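Worksheet: one structure, shown below.
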Amino acid sequence: EPFRRSPASPRPGTIRKASSSSGSMQAVYTFRSGKRLPRAASPGLAARAIQRAISCIQYPTDGAWISLPCTAGCAYTSRNWKHETAQLKQVGHYCAFETFKPGLAKVMERCSIVGALIFMEWPKTCSLWNDDEIKGLIEKYKLVRTEFHGCQYGLKSTRDETRGKPLNKAWYGLTND
């Protein structure tokens, strides 16, 4: 799959770290000079993928697109907390989030050293924005927040009753650029 620039990723050499469709695994995609590298779907594989991704961040024209799984901070958590199975899933999601934070810090550190772009996004309502370590990284790397909405980029509903209508899902994006 060739690398394509988008408004949210203005520089070539982007590293994207994203959750799987189930939200329970992590995938790391690295783009550099138009090449797509394999993804990692477990914390063990992710550690190797993070090292490989870090090795690709060499120049100020490189960058990292960071989108850790946000299920641990989902707004529906409090609504579903009354169910024991939901509580167990939520603890698992939070444990996964905790295992991914060191990799996040390493990627941001590497970007800072070489002067590369950092871009991090999560839904606006994600409670993980309030995590002390995340707030510390935002402060340390002087990331500036911007808000954008899915409808601005063609996000549309897939629900039967509203299929095809623009979806106003709000995200925060933080960047050092």
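Predicted model, so just to flag it, every value in this text is computed and none were measured. Sequential numbering from 1 along the given sequence is applied to the chain's residues.
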Side chains of [X] and [Y]: closer than 4.5 Å at any heavy-atom pair?
{"X": "Thr146", "Y": "Thr175", "result": "no"}
{"X": "Met120", "Y": "Tyr141", "result": "no"}
{"X": "Glu121", "Y": "Trp171", "result": "yes"}
{"X": "Glu147", "Y": "Lys124", "result": "yes"}
{"X": "Val107", "Y": "Ile50", "result": "yes"}
{"X": "Lys169", "Y": "Leu155", "result": "yes"}
{"X": "Ile66", "Y": "Met108", "result": "yes"}
{"X": "Lys82", "Y": "Gln87", "result": "no"}

Using distance alone, with no hydrogens and no angle criterion, decide if Gln90 and Tyr94 have a side-chain donor and acceptor under 3.5 Å apart.
->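 Side chains of Gln90 and Tyr94: no pair found under 3.5 Å.
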
Is the backbone N or O of [Y] less than 3.5 Å from a side-chain atom of [X], with the two atoms forming a donor-acceptor pair by type?
{"X": "Arg145", "Y": "Tyr172", "result": "no"}
{"X": "Asp131", "Y": "Gly73", "result": "no"}
{"X": "Trp122", "Y": "Leu128", "result": "no"}

Just say parallel, tilted or perpendicular for the rings of Trp65 and Phe119, cut-offs at 30° and 60°.
->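 Correct class here is tilted.
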
Does a sphere of radius 6.0 Å around CZ in Arg159 hold more than 12 heavy atoms from other residues, nucleotides or ligands, not counting ones at 6.0 Å or beyond?
->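 No, CZ of Arg159 has 12 or fewer neighbouring heavy atoms, counting only those of other groups under 6.0 Å.
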
Could you give the distance from [atom1] ([X]) to [atom2] ([Y]), rounded to the nearest 0.5 Å?
{"X": "Ile138", "Y": "Ile118", "atom1": "CD1", "atom2": "CD1", "answer": "11.0 Å"}
{"X": "Ser112", "Y": "Ile57", "atom1": "OG", "atom2": "CD1", "answer": "11.0 Å"}
{"X": "Asp177", "Y": "Leu143", "atom1": "CG", "atom2": "CG", "answer": "11.0 Å"}
{"X": "Asn130", "Y": "Lys135", "atom1": "CG", "atom2": "NZ", "answer": "5.5 Å"}
{"X": "Leu167", "Y": "Ser157", "atom1": "CG", "atom2": "OG", "answer": "6.0 Å"}

After noting the C-alpha distance and the side-chain angles of Leu117 and Thr61, does the key distance pass the side-chain contact (heavy atoms from CB on, under 4.5 Å) rule?
-> CA-CA 7 Å; Leu117 175 74; Thr61 54; over 6 Å; no

Where do [X] and [Y] come nearest, in terms of heavy atoms and distance?
{"X": "Asp62", "Y": "Gln58", "value": "OD2-N, 2.8 Å"}
{"X": "Gly164", "Y": "Lys156", "value": "O-CD, 3.3 Å"}
{"X": "Ser127", "Y": "Ala72", "value": "OG-O, 4.4 Å"}

Does the pair Glu139/Lys142 count as a salt bridge with the N-to-O cut at 4.0 Å?
->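 Looking at Glu139 and Lys142, the cut-off is not met.
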
Do Phe100 and Val91 belong together in a cluster built from hydrophobic side chains that touch within less than 4.5 Å?
->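 Looking at the clustering, Val91 is in a separate group from Phe100.
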
Joint cluster assignment, Ile113 & Leu137, ILVMFWY side-chain distance < 4.5 Å |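 Ile113 clusters together with Leu137.
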
Pair Lys101-Ile134, side-chain contact (heavy atoms from CB on, under 4.5 Å): steps then yes or no = CA-CA 8 Å; Lys101 285 196 289 188; Ile134 296 298; 4.2 Å; yes

Starting from the C-alpha separation in whole Å, work towards a yes-or-no answer on side-chain contact (heavy atoms from CB on, under 4.5 Å) for Asn168 and Cys151.
-> CA-CA 5 Å; Asn168 187 22; Cys151 58; 3.8 Å; yes

